[in-house]
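Below: one structure, written as structure tokens.
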Amino acid sequence: MSQVPSLTATHVYHHATCEHRVRLDLFGDGALRLPDTGTEGALKARGLAHEAAIAAARDYPRPTHGHDDLARAFEETLALMREGREGIYQGVLLSDGLIGMPDLLVRQEGPSRLGTHHYTVGDVKISRRARSDQALQVAFYAHLLGLVQGRIPERLFLQLGDGREEWFAYEDVGGAFEQVLADLVALREGRRDTEAFLQPACSACPWRGLCLGEMEARGDLSLVPGMTPSRRRALRRADVATVAELAGAKVERLEAASGLEAPSLTLLVRQARALAEDRPVPIGRPHRPPGPPELLVTALENPTGDGHTVLLTISFTDPREGPRTALLWSEDPADEKALFEKALMAFSRKPDAPVYHYGPSVPSQMARMEARHGAGDRGLASLDRLTDVAAWVKRAAALPLNAYTLDATARATGHPGSDPAGDVLPDVFRLEEGDGGAKARLLAAADAEREAIRHLLEWLRRNP
């Protein structure tokens with residue numbers, strides 16, 4: 001008889017993104033799991049180092065056993081709790097098929113089964129902002145604490161990458177957590193089914209090879225950019241279940257049968273046609289970007305700690321002079337303000353040139369720097385000048401793509417260059433560690449990104 005798998009905080013964490021991943025984590029063939037991507041591996045290593053630094057600063061005792069013997073580690077944790085220690089690092093909590101290994105257990109005054117005290121729980125994260133999936137993970141630990149000590153702590157916390165403790169009430173997340181736990185129990189008991197859905201998180205999931213192959217084999221509707229789970233359900237109710245069926249469908253019939261609106265359906269049908277026929281499908285007359293002269297901007301962020309822009313490149317292209325590129329570095333967060341000021345100065349020197357970028361990264365980082373460092377009208381004017389080439393491409397044609405990443409979009413429009421996306425985050429961390437080659441690799445990635453954007457601008461200009 002097979003053993004029923006235990007539920008952990010990791011299952012709670014992944015539930016927010018993909019229930020299908022949780023089911024595969026519980027019951028899938030581990031031999032089909034792919035290794036971590038470079039980015040995932042770098043983030044995990046950075047997280048472990050951050051946790052170790054927090055543990056060293058707090059100097060809490062830690063059970064001598066961990067994954068090697070969970071039962072003994074639980075008994076050690078319970079003994080430390082009964083002793084009333086100020087805190088416990090990576091204790092183990094077990095109850096009713098649930099396993100928890102919270103980073104921090106912190107003593108609080110107030111009665112429980114332990115005596116006149118009890119414990120609350122916190123988790124260490126490298127992100128600079130608290131997220132709901134992280135809060136649900138801590139709520140899982142609080143639920144386990146309630147089973148172990150007979151009292152759910154009223155307030156929980158996340159210790160973030162910039163050192164702040166963000167506290168929140170259990171009652172604020174308890175209802176949502178209880179629904180997640182009910183879903184997970186139903187998954188474990190086989191009472192709840194799941195199905196893969198292509199989304200950005202798939203690129204880092206260890207089950208990506210298995211799921212993508214299955215989705216491609218059945219022509220799953222989630223392969224169509226712009227699809228959502230609710231839209232997929234609506235289309236299935238209208239007897240459209242594959243990319244090919246969507247490509248051949250009439251918008252008028254789908255609107256009546258699915259309840260979806262015609263403009264959204266029109267875009268989805270065109271995207272499905274592009275995939276089914278493996279060719280671009282024109283949407284409308286493309287916008288013809290003015291210039292050159294023009295400014296092309298890329299930005300690279302370190303998402304950990306307090307978050308800051310590490311590299312911002314500004315390339316000015318003139319037909320007579322060719323491209324000239326400013327490379328603005330802030331390897332230390334303290335240098336970011338100077339980087340921002342230099343960027344605004346570069347923009348001001350070419351006040352009439354359009355400023356092109358691809359996707360949301362550049363405007364989000366510029367807006368964050370404006371909020372953090374302040375530049376008044378100059379900063380706001382720079383945000384107004386930013387122009388997203390991705391939006392123009394999507395209005396021009398539906399491309400045979402599952403996602404409009406810069407590298408995929410450039411290749412679909414005939415760009416022969418190197419991959420402008422790459423796995424750059426590990427090099428951001430290596431740069432901090434003094435790796436001399438990291439800077440050169442990051443510059444090469446930025447060069448490839450600018451060349452891809454330049455290609456897309458020319459594609460828009462020359463296509464009828």
Side-chain angles (χ1 to χ4, degrees), residues 37-50 53 125-129 160-164 200 203-204 295-316 323-347 355-375 379 382-383 386 388 405-407 418-453:
T37 63
T39 290
E40 284 297 295
L43 285 171
K44 286 182 180 179
R46 179 57 60 99
L48 290 173
H50 180 55
K125 302 296 181 184
I126 59 172
S127 59
R128 64 184 184 272
R129 299 184 189 91
L160 302 176
D162 58 5
R164 290 181 299 114
S203 63
L295 294 171
L296 272 60
V297 183
T298 73
L300 179 62
E301 183 181 32
N302 183 336
T304 63
D306 61 352
H308 76 283
T309 297
V310 175
L311 170 63
L312 191 140
T313 75
I314 306 173
S315 179
F316 175 66
R324 291 177 295 163
T325 303
L327 308 175
L328 308 180
W329 290 94
S330 60
E331 297 176 38
D332 189 300
D335 299 330
E336 187 187 65
K337 183 175 182 179
L339 175 149
F340 185 49
E341 288 291 339
K342 291 176 183 176
L344 296 181
M345 187 178 297
F347 288 171
V355 181
Y356 297 120
H357 65 93
Y358 191 94
S361 179
V362 169
S364 66
Q365 290 186 58
M366 291 292 291
R368 177 183 51 72
M369 286 190 285
E370 160 59 26
R372 179 176 291 175
H373 306 299
S382 71
L383 293 174
L386 295 175
D388 189 358
T405 60
L406 176 55
D407 59 314
S418 59
D419 183 350
D423 211 359
V424 297
L425 187 61
D427 276 323
V428 173
F429 295 155
R430 294 185 189 111
L431 184 69
E432 290 183 344
E433 297 160 2
D435 183 338
K439 179 175 283 191
R441 290 189 293 269
L442 292 175
L443 285 176
D447 289 344
E449 185 175 344
R450 288 193 308 277
E451 285 304 312
I453 296 172

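Sequence positions, counted from 1, serve as the residue numbers for this chain.
- Judged as a side-chain contact (heavy atoms from CB on, under 4.5 Å), and not counting sequence neighbours, Ser364 has no contacts.
- If you run side chain to side chain contact (heavy atoms under 4.5 Å, CB included) between Thr298 and each of Leu406, Thr325, Thr313, Asp447, only Thr313 comes through.
- Note that the CG atom of Leu339 and the NZ atom of Lys337 stand 13.0 Å from one another [nearest 0.5 Å].
- Judged by distance alone, with hydrogens and angles left aside, the side-chain atoms of Asp388 form a donor-acceptor pair with the main-chain N or O of Gly359 at under 3.5 Å.
- Of the inter-residue distances, the one linking Glu331 atom CD with Leu442 atom CG reads 9.5 Å to the nearest 0.5 angstrom.
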Step-by-step side chain to side chain contact (heavy atoms under 4.5 Å, CB included) determination, Thr309 to Arg368: CA-CA 9 Å; Thr309 297; Arg368 177 183 51 72; 2.9 Å; yes
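- Taking both residues in full, the closest heavy atoms of His50 and Ile126 are given as CB-CG2, 3.7 Å, listed atom of the first, atom of the second, then distance.
- A search for side-chain hydrogen bond (donor to acceptor under 3.5 Å, both in side chains) contacts involving Ser361 returns Gln365, not counting sequence neighbours.
- Looking at Trp329 and Val310, their side chains come closer than 4.5 Å, going by heavy atoms from C-beta outward.
- Here the closest non-hydrogen pair linking Pro363 and Leu386 is CA-CD1, 3.7 Å.
- From Leu295, atom CG reaches atom CZ of Arg450 across 12.0 Å, with rounding to the nearest 0.5 Å.
- Under the rule for a side-chain hydrogen bond (donor to acceptor under 3.5 Å, both in side chains), Ser330 has no partner lying at least two apart in sequence or in another chain.
- Residues Pro426 and Thr39 are in side-chain contact: their nearest non-hydrogen atoms beyond the backbone lie under 4.5 Å apart.
- Shown here are the side-chain contact (heavy atoms from CB on, under 4.5 Å) partners of Leu48, two or more places apart in sequence or in another chain: Glu51.
- Side-chain contact between Met366 and His357 is absent, with no heavy-atom pair separated by less than 4.5 Å.
- Under the side-chain contact (heavy atoms from CB on, under 4.5 Å) criterion, Glu40 pairs with Asp36, Thr37, Leu43, Ala204, not counting sequence neighbours.
- Two residues are said to be in side-chain contact when any heavy atoms from C-beta on lie closer than 4.5 Å; Val428 and Pro303 fail this criterion.
- For Tyr358, there are no ring-ring contact (aromatic ring centres under 6.0 Å, His included) partners, not counting sequence neighbours.
- When side chains are defined from C-beta on, Val297 counts as touching Phe347, because their heavy atoms get closer than 4.5 Å.
- Applying the salt bridge (charged side-chain N to carboxylate O under 4.0 Å, His left out) rule to Arg372 yields the partners Glu336; only residues at least two apart in sequence or on another chain are considered.
- Judged as a side-chain hydrogen bond (donor to acceptor under 3.5 Å, both in side chains), and not counting sequence neighbours, the contacts of Lys125 are Asp123, Gln137.
- From Glu301, atom CD reaches atom CG of Leu312 across 11.5 Å, with rounding to the nearest 0.5 Å.
- Under the side-chain contact (heavy atoms from CB on, under 4.5 Å) criterion, Arg441 pairs with Asp427, Arg430, Asp435, Ala438, sequence neighbours left out.
- Side-chain contact between Arg128 and Leu160 is absent, with no heavy-atom pair separated by less than 4.5 Å.
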